[in-house]
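Each chain gets a letter, A, B and so on, in the order its sequence line appears, and its residues count up from 1.
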Amino acid sequence: MFDGRDPIYVQIADQIKADVIAGRLREGDQVMSTTQYAQTYRINPATAAKAFAELVDDQVLYKRRGVGMFVADGATTRLRGSGRKEFFTDRLDPVLAEARDLGISVADILAHIHATEER
Amino acid sequence: MTTPTASPPEVRLRQVTASYGSTTALDTVDVTFPAGAITGLLGRNGSGKTTMLSLVASLRRPNAGAVLVDGQDPFEDEALMEQVCLIRESGDVLEDEKVAVNLRYAADSRPTWDAELAGRVMETFQIDPTKTVRRLSRGQRSAFGTVLGLASRAPVTMLDEVYLGMDAPSRYAFYDLLLEDYLAHPRTIILSSHLIVEIENLLEHVVILDRGRVLVAEEAEDLRTQGLQVTGRGADLDALLPTLAGVTVLATRTLGPTRQATLTGQPELLRAAESELRAAGMEIGGIDLQDLFVHLTGRAA
């Protein structure tokens with residue numbers, strides 16, 4: 001946990017976004033509080049608070065005063081939309097670069113994709 | 001007379017010099033420990049950490065400059081000193097008295113003492129209150145230091161490598177207790193430690209001392225974004241490194257034909273360098289606080 005190049009608060013925000021995209025967190029679900037998050041992951045509460053503030057800014061979460069933080073309506077669709085673009089640049093491009101290094105042809109990759117889809 | 005403040009105080013050293021005979025322990029130091037934050041005070045042995053904490057705790061006076069707690073000099077200000085708690089590895093306890101007697105003494109001298117918390121920490125570390133401090137094992141002595149530090153609930157709490165004698169499970173139990181109690185009762189906390197990897201995520205702020213001077217005083221998160229590690233073919237990396245703008249090479253390591261370099265720089269410049277290096281097929285990794293600390297202060301002792 002938290003060993004990437006990005007600041008920890010960015011990694012926390014990314015993890016929560018990934019949970020929303022995958023449906024592990026659904027719209028209207030209550031997420032852990034800053035306090036619970038800090039304790040669970042043994043991190044400074046200011047770091048956790050910064051992550052949650054960013055998620056509220058990005059309209060992934062919203063705050064209900066005195067109750068807690070919840071996944072915002074429409075968050076899944078919005079995140080999946082921006083996630084689709086990032087999938088190609090952040091995920092697929094490095095894989096394709098690795099395939100090139102390994103000498104795997106585009107035809108081989110396509111054949112594998114089709115075979116996987118038919119399973 | 002100083003009335004206790006509701007919000008935790010800021011601790012500030014202004015142009016502070018402290019020396020022992022001809023040895024200068026701190027040399028015109030300016031540094032702020034932000035109010036209500038957990039700050040890591042890092043430095044090699046003899047860098048001036050303990051001297052700095054002793055000044056804040058009013059155990060000694062600076063030769064020049066000012067030590068300010070909540071904007072005021074704590075020296076001989078009893079009300080202000082009650083708000084400041086320093087626990088050193090040596091313990092500062094009555095060795096030949098029972099643990100229970102030491103607890104009573106701490107409770108009497110600390111207006112913010114929490115007996116319930118003291119009991120809970122004592123139980124976590126299974127410290128026998130009927131033993132004298134001298135009879136405790138090294139780990140239990142350290143653990144007893146953390147009991148005194150946590151239960152004092154002092155608005156300024158400083159722990160000077162107290163938990164070094166504890167084994168790993170006990171240290172993690174201590175980190176959990178510290179975080180839990182800090183969340184419930186925010187205060188200004190200064191942790192000095194060699195075990196940077198274990199505490200780095202607990203820190204909001206970091207101060208690095210080197211030979212009596214402040215090398216770094218920054219938000220922990222900002223510090224992490226100022227370094228990266230790159231691995232690539234030696235010749236390729238050697239050709240690329242000098243072309244990167246605003247980036248300092250802290251260290252390089254040759255691993256056969258590949259080379260690994262540790263770089264620092266302003267976050268934006270480093271980000272630009274990172275994309276260039278990635279585009280050239282280099283592998284990029286993060287740098288943790290421990291690496292940065294070793295590189296910044298590293299000379300063989």
Side-chain angles (χ1 to χ4, degrees), chain A residues 1-17 31-58 63 66-69 85-104, chain B residues 34-40 171-186 189 191 197-206 218-230 263 267 270-271 273-275 277-291:
Chain A
M1 196 77 186
F2 311 133
D3 49 5
R5 246 272 290 152
D6 289 325
I8 296 168
Y9 80 91
V10 174
Q11 297 186 47
I12 295 170
D14 285 350
Q15 180 57 50
I16 290 173
K17 285 180 191 168
V31 298
M32 270 198 273
S33 68
T34 305
T35 306
Q36 289 168 325
Y37 213 93
Q39 266 175 312
T40 307
Y41 294 103
R42 268 198 201 101
I43 57 170
N44 191 288
T47 309
K50 209 167 163 185
F52 285 90
E54 187 178 87
L55 290 166
V56 169
D57 274 355
D58 291 351
K63 197 185 278 184
V67 187
M69 301 269 215
K85 269 179 270 159
E86 283 168 15
F87 170 78
F88 288 98
T89 53
D90 293 359
R91 299 278 179 183
L92 198 52
D93 287 354
V95 171
L96 294 176
E98 195 180 341
R100 211 177 306 125
D101 289 347
L102 292 169
I104 298 171
Chain B
I38 303 178
T39 300
R171 289 199 303 272
Y172 281 99
F174 162 69
Y175 303 142
D176 286 345
L177 285 165
L178 174 76
L179 205 49
E180 184 191 324
D181 203 59
Y182 167 73
L183 282 159
H185 303 271
I189 293 178
L191 295 178
V197 173
E198 288 185 7
I199 63 163
E200 92 168 87
N201 290 351
L202 297 178
L203 307 176
E204 182 173 346
H205 201 77
V206 175
E218 274 192 80
E219 301 264 313
E221 286 275 69
D222 290 345
L223 209 51
R224 285 168 55 91
T225 59
Q226 290 173 27
L228 66 78
Q229 228 158 35
V230 54
L263 312 179
L270 206 59
R271 211 163 275 282
E274 183 184 344
S275 358
L277 291 165
R278 264 193 215 285
M282 309 274 169
E283 202 182 295
I284 305 289
I287 179 171
D288 58 31
L289 205 51
Q290 173 96 23
D291 290 335

What part of B:Leu183 gets within 4.5 angstrom of chain A, counting heavy atoms only: side chain, backbone, both, or neither?
side chain
Assess whether side-chain contact (heavy atoms from CB on, under 4.5 Å) is satisfied between B:Asp176 and A:Arg42, documenting all intermediate values.
CA-CA 7 Å; B:Asp176 286 345; A:Arg42 268 198 201 101; 2.7 Å; yes
Given A:Thr47, A:Thr34, A:Asn44, the one with more heavy-atom pairs under 4.5 angstrom with chain B than any other is A:Asn44
Check B:Thr225 against B:Pro267 and note the closest heavy-atom contact, atom names and distance.
OG1-CG, 3.8 Å
Cut-off 4.5 Å, heavy atoms of chain A, and the answer for B:Ile199 is neither
With rounding to the nearest 0.5 Å, note down the distance linking CZ in A:Phe52 to CG in A:Asp57.
14.0 Å
Would you call B:Glu221 and A:Lys50 a salt bridge, taking side-chain N to carboxylate O under 4.0 Å as the test?
no
Is B:Gln229 close to chain A through its backbone or its side chain, or both, or neither, when contacts mean heavy atoms under 4.5 Å?
neither
With a 6.0 Å cut-off (strictly less than), is the heavy-atom count around CD of B:Glu283, excluding the residue itself, greater than 12?
no
Engaged part of B:Tyr172 at the chain A interface, taking heavy atoms whose separation is under 4.5 Å:
both
